[in-house]
Amino acid sequence: MNRNKKITILIGCFFVCLVWFWNQHKDINTVLRRIDYPFEVGEVVCIEEIEKNTTMVIYTNKRDIHKLQNVIIRKKGLFYNDIYLSGSLKILQPTELKSGSRRTGMLVFWYDKSDKYILMCVSYDKDVKTIKHKDQILISTQFKGYNIFWGLGNGRYEDYKLYDKEENELESIKP
């Protein structure tokens with residue numbers, strides 16, 4: 001094989017590798033497809049940019065659709081990478097709860113090896129309409145009948161407060 005053919009083959013291989021690498025890191029959906037067990041992505045509930053080049057994705061677990069999880073994905077240059085995966089939060093349809101039942105499930109998730117965190121909350125009680133944390137109203141998302149709330153925090157974590165539609169504060173456990 002002459003020298004020109006070898007150079008052409010090497011350039012072709014380099015180009016194929018470059019295209020493959022580009023496709024592996026080019027968008028958030030590609031990063032989500034690469035997440036493995038036990039955090040496999042089922043359905044995406046919400047995608048939100050929380051900082052410049054930093055996106056939070058809340059999703060259901062592919063193996064257990066009653067588990068909610070999130071991932072923080074950061075863009076560096078042209079490529080996206082998953083950087084922090086959270087634990088799981090059980091999700092249930094909101095109902096009329098019996099006395100002594102917990103009204104919500106909460107997952108607090110620190111990231112960036114700092115005091116920044118994300119709160120993810122699911123309301124099990126149909127009376128819960130608003131959740132506040134450090135005087136901030138958590139963002140509410142409806143997903144297939146589930147009431148999902150989320151927000152950002154910084155510093156020391158403090159308990160959240162629950163409110164009904166008339167803005168009356170509710171106890172975290174139904175009396």
Side-chain angles (χ1 to χ4, degrees), residues 21-92 94 102-125 128-164 167 169-173:
F21 184 76
W22 174 263
N23 284 331
Q24 293 297 310
H25 298 87
K26 72 177 182 180
D27 64 13
I28 289 174
N29 290 323
T30 305
V31 175
L32 291 176
R33 283 192 303 272
R34 286 194 335 253
I35 296 174
D36 293 325
Y37 177 82
F39 297 101
E40 290 178 300
V41 177
E43 290 187 63
V44 173
V45 175
C46 140
I47 296 177
E48 190 73 35
E49 187 170 23
I50 57 174
E51 295 174 7
K52 184 178 178 173
N53 295 326
T54 303
T55 303
M56 175 199 67
V57 180
I58 298 175
Y59 61 92
T60 61
N61 188 301
K62 186 176 186 178
R63 294 179 186 263
D64 184 352
I65 61 168
H66 298 292
K67 286 188 178 176
L68 196 64
Q69 296 171 288
N70 74 22
V71 63
I72 304 289
I73 298 173
R74 184 153 294 143
K75 184 175 185 179
K76 292 184 179 181
L78 299 173
F79 305 115
Y80 290 91
N81 287 303
D82 58 309
I83 54 169
Y84 299 101
L85 293 163
S86 75
S88 296
L89 180 61
K90 186 174 181 143
I91 54 177
L92 301 169
R102 291 194 56 79
R103 286 192 154 121
T104 58
M106 172 69 81
L107 177 67
V108 181
F109 172 65
W110 277 265
Y111 67 98
D112 268 356
K113 298 179 183 172
S114 68
D115 61 351
K116 295 186 279 187
Y117 57 89
I118 294 173
L119 298 140
M120 224 170 38
C121 189
V122 175
S123 171
Y124 305 136
D125 187 356
V128 176
K129 299 299 178 203
T130 307
I131 300 177
K132 291 183 182 177
H133 173 261
K134 290 186 173 181
D135 297 323
Q136 151 189 265
I137 296 175
L138 297 185
I139 296 166
S140 175
T141 302
Q142 297 295 313
F143 178 74
K144 295 188 175 188
Y146 304 119
N147 293 332
I148 299 167
F149 299 84
W150 69 273
L152 303 173
N154 213 347
R156 202 181 84 200
Y157 169 75
E158 295 174 16
D159 272 345
Y160 56 95
K161 296 182 181 183
L162 309 173
Y163 297 91
D164 64 14
E167 294 295 317
E169 188 171 343
L170 301 169
E171 295 179 35
S172 62
I173 303 218

Distance-minimising heavy-atom pair for [X] and [Y]:
X	Y	answer
Y160	R102	OH-NH2, 3.9 Å
E167	K132	OE1-NZ, 4.2 Å
C121	I131	SG-CD1, 3.4 Å
I50	Y111	CD1-OH, 3.5 Å
N53	E49	N-OE2, 3.1 Å

(request) Quick one: pull up CG in L68 and CE in M120 and give me the separation to the nearest 0.5 Å. (result) 4.5 Å
(request) To the nearest 0.5 Å, tell me how far L92 CG sits from S123 OG. (result)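 Interatomic distance, L92 CG to S123 OG, rounded to 0.5 Å: 10.5 Å.
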Side chains of [X] and [Y], heavy atoms from C-beta outward: is any pair under 4.5 Å?
X	Y	value
K90	V122	no
I137	Y163	no
V57	V41	no

(message) Tell me whether H133 contacts the main-chain N or O of E158 through its side chain, where contact means a donor paired with an acceptor under 3.5 Å.
(response)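 Here the side-chain-to-backbone pair exists.
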(message) So does T55 get a backbone contact from the side chain of E51, meaning a donor-acceptor N/O pair under 3.5 Å?
(response)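 A pair under 3.5 Å: no.
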(request) Just do the side chain to side chain donor-acceptor pair (under 3.5 Å) check on T54 and R74 with the steps written out, would you? (result) CA-CA 4 Å; T54 303; R74 184 153 294 143; 2.9 Å; yes
Taking distance alone, no hydrogens or angles, what donor-acceptor pairs closer than 3.5 Å link side-chain atoms of residues 143-154 to residues at least two apart or in another chain?
from: K144; atom 1: NZ; to: E43; atom 2: OE1; distance (Å): 3.1
from: K144; atom 1: NZ; to: E43; atom 2: OE2; distance (Å): 2.4
from: N147; atom 1: OD1; to: Q142; atom 2: NE2; distance (Å): 2.7

(request) Only one of Q69, K62, R63 passes side-chain hydrogen bond (donor to acceptor under 3.5 Å, both in side chains) with E40; say which it is. (result)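 By the side-chain hydrogen bond (donor to acceptor under 3.5 Å, both in side chains) criterion, E40 pairs with just one of Q69, K62, R63: R63.
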